[in-house]
Every structure is written in C-alpha cells, then in structure tokens.
Amino acid sequence: MIRLALSTVRHRWWSFAGTFAGTALAVALVAACGTLLFSALSSPAGPNRYAAADAVVSAQRQVSVRDGDKTKSRPLSGAPVLPEGLADRLAAVPEVAQVTKDASFYAQPLTAGGRLVGGGSGTAPVMGHPWSSAALTPFRLVAGHVPGDGEVVLDAGLARRTGVQPGDRVRMALAQKVSSFRLAGVVAASDGPQLSSQGAVFFSSGDAGRLVRPGDATALALRFAPGADSGEVLETVRSVAGSDVRVLTGEERVRADAPAVLVSYTGAVGVFGWMAGITVFAALFVIAGTIAFAARQRLRELALLRTLGATPRQVRRLMGLEAWVVGVAAAVVGAPIGRWLASRLGDRFVATGAVPASLEVDGGVLPLLIAAGTGVLVARLAAYFAGRRVARIAPAEAMRESVAAPAGGGAWRVLTGAVLVAGAAAVLAFTPMRGGIGVGMGFIGCALLICAAAALGPWLVRTVAAVLGGFLPGATGPLAAANTRRFPLRAAGAAMPLALLFALNATMLLNSTLLSDLTEQAVRTRVAPARATVSAGGGPGLPLGAYEEAARTPGVRDVDATLPSEVLIREGGKPQRYPAQGLYRSGDGVLDLKVTSGSLNRLTDGVAVSTDLAAAQHWQVGDTAGLWLPDGTHLSRPVVALYARSAGLGDMLLPGSLTAAHTAQPLLSAVHFGQDPGPAAMKELRARFPHLSANGGTADSSRQDAEAASQQAALRLLTGISIAFTAVAVLNTFAMAALGRRGEYAALRLLGATARQIRAMAAREAVLTVTAGLVVGAGIAAVVVGTFSNAQDGHWRVIVEPLWYTGLLAGTGLLGLAAAALPTRLVLRTASAGCGRSER
C-alpha cells in the first residue's frame with residue numbers, strides 16, 4: 001500500500017496538485033495567524049524605566065471575583081495607590097538601603113504653535129514624575145541642572161521636538177490646566193536610545209506633590225545594600241508588604257510603571273485571535289472540501305481497485321497514506337511561507353493603528369508546528385471520511401456511481417444540515433447580538449450556516465438548476481442543466497467555496513460597517529443640540545480647567561464635558577469591562593442621551609446606566625449598582641437614570657469629579673456648549689488651551705473614535721486577507737473540477753462535439769454553479785446581517801453598503817466564471833490528444 005500510494009501520487013501528480021495547493025495555502029495562513037498571535041502574547045510591556053532598582057513594589061492591578069471554588073480576575077486600567085506608611089515599613093527592612101516613591105501624572109509639552117508633543121517616536125504618551133525617581137531610570141542629566149520649583153527637565157527627544165533649550169520657557173498641558181515652566185535641563189538615556197514607549201518630564205518634589213494628591217505613590221523602588229542576599233531581602237520585603245501588593249524584579253519591574261505608558265497588546269491579541277478564528281474555519285473548510293472533492297473525482301479508480309480484489313481496509317489505508325504524503329509535503333512548503341507572510345501582515349496591521357508599533361513578529365517554531373500538524377491532521381481526517389463510503393459499498397455500486405449521481409449519504413446529510421441550521425438559529429436568536437459581541441456571534445452563526453449549506457449542497461444545487469435550467473440559451477443549455485442536476489455533488493463542490501467567499505466576507509464587512517454607521521449616527525444625534533464643541537484635536541484630551549472656563553463664559557448657560565474612563569462590573573461570576581464617561585454638567589445640560597427613565601440631574605448622587613447594560617444586569621432606577629473604578633476602588637451607587645443613546649459614549653455615566661479622581665489620565669474628550677460662546681470667548685479659550693480644536697458642535701471627539709477607526713481599518717484588512725484566501729480556494733476547486741473532466745471532454749470530442757460546443761456547455765454549467773453559490777452565500781449573509789441589524793435598532797437591513805455589497809457580489813460571480821472558463825480552455829487543448837488515453 002505504501003509503494004502504491006507513493007506511485008499514485010508520483011504518476012498522477014496533477015490529480016493531487018489541487019489538494020496540495022489548497023492544503024499548503026491553508027497551512028501558510030494558519031501559520032501566519034499563529035505567529036502573529038504568539039508574537040502579541042509574548043511581546044514585552046516596554047522598556048524598563050526602573051532599571052536601576054533591585055525591586056519595585058506596586059499595588060495589585062487587577063480585580064478578582066470569587067465564583068464558587070474559582071477566582072476570576074480582570075486587569076485594571078489604572079494604578080492603585082499604595083497604602084500609607086508602606087514606604088516607612090520597607091525602609092526599616094534590614095539590607096534595604098533606599099526606598100524611592102514614584103508617582104506618574106499627565107504632563108505634555110506644547111510647541112510654540114500650540115501643538116502637543118508626544119514621546120518616543122513622537123506619538124507615545126508623556127508622563128510627569130518627581131525628580132527623585134530619575135535616578136532609577138536610564139536617564140542622566142546631559143544639559144542644565146536639577147529642576148527647582150517652577151522648572152522642569154525634559155528627555156532629549158521631547159526637548160528636540162518641542163524646540164526648546166535649557167533656560168527657555170515651555171508650556172505644559174497638565175490634567176487641570178496649561179502652565180508655563182522654565183526648562184532647567186535635558187536628560188538622555190546613558191546606555192542607548194530614548195524609551196520608545198513614553199516621554200518623560202521631571203518636576204521638583206514640591207511641584208510634583210502639588211500635581212498629585214498627597215501620598216499618591218503608585219510605586220516604591222527599592223535598592224538593596226551592597227553585598228545583600230537578594231533572596232532573603234525579597235522574602236522579608238514580601239512579608240512586610242503583604243498580599244495586597246506585588247514585589248516585582250527583573251523584567252517584571254516595568255509593570256509597575258504608569259499604565260498609560262505600558263505597551264498593551266490586548267487589542268493585538270483580540271485582532272489576531274479574531275483573524276485566527278476566521279482563518280482556521282476557512283482553512284479547515286477548504287482542506288476538507290478539497291480532499292472530499294478529489295476523492296469523488298477518483299471514485300472510478302477506487303472502484304476498479306475494489307473490483308480487482310482490494311479490501312475496504314486497503315482502500316482506506318491507500319487514501320490515508322496519500323493524504324499523509326500530500327499533507328506533509330504541503331506542511332513543509334506552507335509553514336515557511338506562513339512565517340514570511342506573518343512579517344508582511346504584521347507591518348500592515350501596525351499601519352492600521354490597531355497593533356502597537358513595537359510588535360516584534362517572532363512567534364518561534366511552535367505556531368509553525370501547530371499549523372503544519374493541523375494541516376496534516378485535517379487532511380488525514382478528511383481523507384478518512386471521504387474514503388469511508390467508497391470502501392463500504394460494493395465494487396459494482398461504486399462503478400455505477402462513477403458515471404451516475406451518488407445515491408447514498410442523503411439521510412446523514414439532511415440530519416447534519418438540520419442540526420447545523422438549528423445551532424445557527426439558536427446562536428442568532430438566544431445570544432447577545434448587540435455591539436461588538438454581536439459581530440462575533442454573527443460570525444459563529446454564519447460559520448454554522450455555511451457548514452449546513454455544505455451538507456445540503458446537492459439539494460441546493462439541484463433546486464437552482466431546476467429553476468434556472470429552462471432559461472439557459474442555446475442547444476447546450478438543457479444539457480448543462482441536466483449535467484448539473486445529474487451530478488449535484490460535483491457542482492456543489494465548486495459552488496460551496498463561492499458561498500463561503502461571499503457569505504463570510506459579506507457578513508464581516510456589512511456587520512462592522514453597520515455598527516460603525518450606527519455609532520456615528522448616534523454620536524451626531526447626541527451632540528446635535530450643541531452650538532459648539534471643542535476638543536484636543538489629535539491629542540489625548542483637554543485639561544479639566546477647560547470645562548471650568550467654558551462654564552464661566554458670559555452668555556453660556558448650559559455646558560457638558562465628557563471624560564472617558566471605564567468600569568468593571570461583576571457579570572456571570574467574573575468582572576467584566578465596560579466603557580464609561582465622567583460627565584461634567586452645568587445648567588440643563590447639552591447632550592441628548594435619550595433618557596428613558598430617571599434624571600441626569602441627580603447624577604452627583606449616583607450613576608446613569610445605558611439601557612443595554614441595565615437589561616443585562618436587570619437594573620432599574622433606584623437599584624444599587626456595584627462597580628470598580630479604574631484604580632480598583634469599589635463603589636455601590638444608586639442608578640438615577642437610564643439612557644438609550646450609548647453608542648460611541650459608554651454604558652455608564654458617573655460624576656466628572658469622581659471619575660477624574662480615579663482615572664489614570666483625567667482628561668476631557670470634549671466640551672459642548674448649549675449656546676454660542678462667540679468669537680471672543682473662543683479666542684480666550686484658545687489662549688488658555690492652545691491645543692484646543694473647535695468642531696462646531698457636529699462631532700463628539702473622544703479617544704474611542706480613534707480606537708474605533710483603527711479597529712475598522714484592521715477589520716477591512718482582515719476581510720481583504722479572507723477574500724484573497726477564499727478566492728484562491730475557489731480557483732483551485734474549479735481547476736480541479738476541469739482537470740477531473742478531461743476524459744469526459746475527450747469522449748465528447750470523439751463523439752463529434754466541437755471545442756466551441758463543449759466550452760458553451762461548460763460555461764452554462766458554470767453559470768448554474770456560480771449562481772447556486774451566490775444564492776446560498778447571499779441567503780446566509782441576509783439571515784445573519786438582518787438579524788444583527790434588527791438587534792441594533794429594530795430595523796431589518798440586508799444590503800447595508802450597496803457599493804460594497806454589489807462589488808463583492810459581482811466580484812465573486814466574475815471570479816467563479818473566470819475560474820471555470822480558464823481551466824476548461826486549457827483542458828480542451830489536450831482533450832482529444834492524450835487525456836482520453838490517460839483516463840483509460
């Protein structure tokens with residue numbers, strides 16, 4: 001059997017070429033996704049600002065919830081303050097020579113023209129620190145002197161981009177206001193380049209103490225005495241510090257830095273995980289479909305082996321060995337291509353902004369081995385299931401099915417299809433379909449329906465052929481329709497990749513586009529009452545003083561200001577993260593949040609909750625909501641209002657002052673005026689806040705907008721990758737179908753049919769096959785997109801973006817027709833010469 005399998009692959013390489021190509025491509029894409037995902041999971045949090053410390057103590061930056069005998073945790077976005085007196089207790093530990101308090105706070109320089117200057121490469125966040133913490137960092141003073149009150153020290157990169165030298169005045173955007181300081185000096189890293197993930201500004205101890213609340217140390221850096229036993233000292237430090245804090249050493253010390261400057265790969269893991277899920281599903285579908293299609297094409301050959309005395313076990317073993325050979329060869333070729341592809345895709349995702357620029361694409365050999373093993377295993381399993389029926393049925397029956405439509409397997413196909421349809425219906429009807437979660441649920445429902453369509457493919461193709469067969473022109477039209485009805489498995493094998501191509505990509509693209517459009521619409525409606533809106537333009541936000549100045553503007557009675565934040569809420573036995581906003585409001589307010597119950601005027605005493613979150617938590621006005629703020633503070637506050645217009649804003653509103661006190665970067669996203677402030681007032685605001693940008697009251701500028709834009713760009717790139725992969729799979733399937741019919745075409749030529757007649761017949765069969773694939777794909781997309789749309793606002797939509805929808809539909813159809821026509825023409829050139837003899 002081994003020699004026969006190797007001989008079959010060698011002498012009939014063209015019949016295995018399609019299987020090899022499909023498997024190799026799938027392995028390459030799975031390897032690329034795995035490499036990117038492993039790279040994001042293993043990438044460091046950023047350069048170590050505490051390199052000179054032996055250990056760093058910080059509070060636990062996570063919320064833990066006990067659920068039965070399990071504890072589930074979620075990281076915080078802020079840095080909790082360390083207990084008072086802890087520094088003194090640690091300083092009393094023997095062999096601890098020095099304890100340095102560190103606190104981070106927002107401080108960003110502005111150029112003379114009022115433009116905010118970023119750190120690192122120019123876009124990284126900038127944080128302020130007391131000068132005492134500079135000794136812990138790689139920075140050393142290279143110009144000027146130590147800062148006194150009213151002075152600052154900038155890192156060399158910030159000083160260069162700001163355009164200042166020691167002795168110059170530099171304006172600093174702080175959390176409360178914009179203040180002017182004298183540049184006392186410049187620091188630079190002594191052993192390498194600047195810290196790429198952040199910019200650093202150092203203040204005097206007096207100024208730093210005024211810019212943060214008293215005792216707000218978020219990290220304590222420890223230096224041990226020379227010659228001390230680090231292990232013993234650390235054990236004592238942990239005992240003194242207690243279980244509520246963590247003692248970090250080595251590369252982990254960087255995690256005590258400000259959360260704003262730590263490089264987070266959470267978004268990258270989400271993007272690459274989503275990409276891996278879609279890719280793995282499409283790859284498995286393509287591999288299994290390709291091998292099953294190839295097995296059906298070899299039915300006559302396998303029947304002859306049975307007739308010549310081969311046992312069912314020998315036939316299964318032959319197909320299994322062939323699958324091993326082709327799968328291993330495809331894995332060897334596909335895995336290195338996947339590693340190369342990962343680097344290219346990583347650069348593209350970085351360009352969208354959804355992935356940090358510091359991502360290093362180096363997942364090691366493990367994802368390549370996983371991808372290779374997955375490809376080989378799926379190929380083997382597909383060959384096993386494809387060969388089961390061939391091995392079970394009698395040789396005469398197998399010979400009959402090689403020239404007629406297979407009759408078996410109908411009951412199992414119907415049962416499998418029914419189960420998959422029921423599963424898809426359950427997902428679409430009983431799982432959350434709103435927001436980003438709904439996009440993921442939509443993909444799952446789409447995948448189940450695609451698998452159901454694959455199981456029911458022969459009947460779907462027969463139905464399309466029966467309906468459209470009478471409309472095909474020419475003498476070859478009826479013959480093409482009869483061929484399609486007579487061999488539905490062959491037609492379904494070519495139609496289902498087209499259905500996959502359209503349904504999967506249309507669902508992803510249309511659902512994400514719809515969600516983005518509805519969010520933009522909600523933002524426009526929410527801020528429509530504002531006569532003017534100001535924000536920080538491309539910066540992280542406006543100081544809190546911008547709201548106070550706006551509220552004092554003559555002639556302006558109503559002002560709203562929003563401060564982006566987040567909260568953690570217990571849900572399903574674990575803490576769940578929700579976007580939130582701190583709301584500053586004077587007068588009757590400006591924003592139209594579509595309050596359905598309660599009143600926002602009572603927000604100072606409680607919280608307002610979106611109707612979506614209220615439904616999920618079963619909250620009503622008057623109930624008590626338990627939540628954690630970004631720094632880990634736990635609160636229980638009454639629900640005072642429910643609002644429906646939460647898209648692009650958040651699921652909870654809290655008092656602005658409360659949010660600012662517990663958020664790592666308390667900066668306003670926008671200030672909205674209920675009355676026109678006038679040119680003079682706007683000029684005064686710009687003088688106080690040079691980085692202010694006026695939006696005219698037509699948009700709500702927040703940090704969530706940039707995140708949403710980058711996610712949308714990443715999703716479009718992901719859709720493009722999926723389209724490219726499935727398009728190649730379609731081409732491969734149609735090429736295999738054409739090659740498998742070389743003997744049929746040669747026989748028709750010998751019977752007197754011209755090449756033109758055969759091409760006409762094949763073209764009409766292609767029309768039926770492509771139409772069947774498009775009908776199935778469009779139907780699946782309509783069900784999923786319509787359900788998703790109805791869940792968002794109660795309106796059923798199928799064609800969300802007419803231009804994209806039409807383009808994808810037309811592109812898929814043209815691809816299918818071209819994929820059918822080109823191989824057929826190539827096969828017909830040799831059909832009468834040698835194909836017939838080779839088939840005999």
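Note that the structure is a prediction, hence the values are computed from the model and not measured.
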Quick check: does any side chain N or O of [X] sit under 3.5 Å from a backbone N or O of [Y], one acting as donor and the other as acceptor?
X	Y	answer
Thr663	Ala660	no
Thr633	Leu629	no
Gln581	Leu649	yes
Ser789	Val785	no
Ser516	Ser512	no

[Y] side chain reached by [X] side chain, heavy atoms, under 4.5 Å:
X	Y	answer
Pro690	Val178	yes
Val559	Val671	yes
Leu627	Leu654	yes

Quiz item: Can you list every pair that meets side chain to side chain donor-acceptor pair (under 3.5 Å) and has a residue in residues 615-626, with sequence neighbours left out?
Solution: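 The answer is Glu571-Gln617.
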
Practice problem: Please list all pairs passing the side chain to side chain donor-acceptor pair (under 3.5 Å) test where one or both residues lie in residues 636-659, with sequence neighbours left out. | Solution: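 Qualifying pairs, neighbours excluded: Asp592-Arg645, Ser610-Asp651.
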
Kindly compute the distance separating [atom1] ([X]) from [atom2] ([Y]), expressed to the nearest 0.5 Å.
X	Y	atom1	atom2	result
Arg797	Thr513	CZ	OG1	12.5 Å
Leu544	Leu174	CG	CG	10.5 Å
Leu613	Gln576	CG	CD	10.0 Å

Exercise. May I have all residue pairs that pass ring-ring contact (aromatic ring centres under 6.0 Å, His included) and include part of residues 586-607, sequence neighbours excluded?
Key: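 Of all non-adjacent pairs touching residues 586-607, none passes ring-ring contact (aromatic ring centres under 6.0 Å, His included).
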
Practice problem: Sort and list the pairs that fulfil ring-ring contact (aromatic ring centres under 6.0 Å, His included) and have at least one residue in residues 562-607, not counting sequence neighbours. | Solution: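 Output for this query lists Tyr547-Tyr584.
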
Salt bridge (charged side-chain N to carboxylate O under 4.0 Å, His left out) with [X]: which residues, sequence neighbours excluded?
X	result
Arg585	Asp560
Asp517	none
Arg570	none
Asp207	Arg210

Exercise. List the atom of Ala661, the atom of Asp631, and the distance in Å for their closest heavy-atom pair.
Key: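 Result for this residue pair: O-OD2, 4.4 Å.
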
Practice problem: Classify the side-chain pair Ser535/Ser693 by whether it contains a donor and acceptor separated by less than 3.5 Å. | Solution: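 Not at all, the side chains of Ser535 and Ser693 share no donor-acceptor pair under 3.5 Å.
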
Quiz item: Can you name the side chain to side chain contact (heavy atoms under 4.5 Å, CB included) partners of Val798, sequence neighbours left out?
Solution: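 Expected list: Ala782.
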
Self-check item: Partners passing side chain to side chain contact (heavy atoms under 4.5 Å, CB included) against Thr604 (at least two apart in sequence or in another chain)
Solution: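 Not a single residue meets the side chain to side chain contact (heavy atoms under 4.5 Å, CB included) criterion with Thr604.
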
Name each donor-acceptor pair under 3.5 Å that joins a side chain in residues 102-110 to protein atoms two or more places apart or in another chain, with its distance.
from   : atom 1 : to     : atom 2 : distance (Å)
Asp102 : OD1    : Ser133 : OG     : 3.4
Asp102 : OD2    : Arg49  : NH2    : 2.4
Asp102 : OD2    : Tyr50  : OH     : 2.6
Ser104 : OG     : His129 : ND1    : 3.3
Tyr106 : OH     : Gln108 : OE1    : 2.7
Gln108 : NE2    : Val117 : O      : 3.1

Identify each donor-acceptor pair in which a side-chain atom of residues 74-83 lies under 3.5 Å from a protein atom, sequence neighbours left out, and give them as a table.
from  : atom 1 : to     : atom 2 : distance (Å)
Arg74 : NE     : Pro575 : O      : 3.2
Ser77 : OG     : Glu566 : OE2    : 3.1

Quiz item: Can you check side chain to side chain donor-acceptor pair (under 3.5 Å) on Gln675 and Asp558, steps first, answer last?
Solution: CA-CA 7 Å; Gln675 295 79 32; Asp558 306 317; 3.0 Å; yes

Exercise. Identify which one of Leu653, Val527, Leu591 satisfies the side-chain contact (heavy atoms from CB on, under 4.5 Å) criterion when paired with Thr562.
Key: Leu591

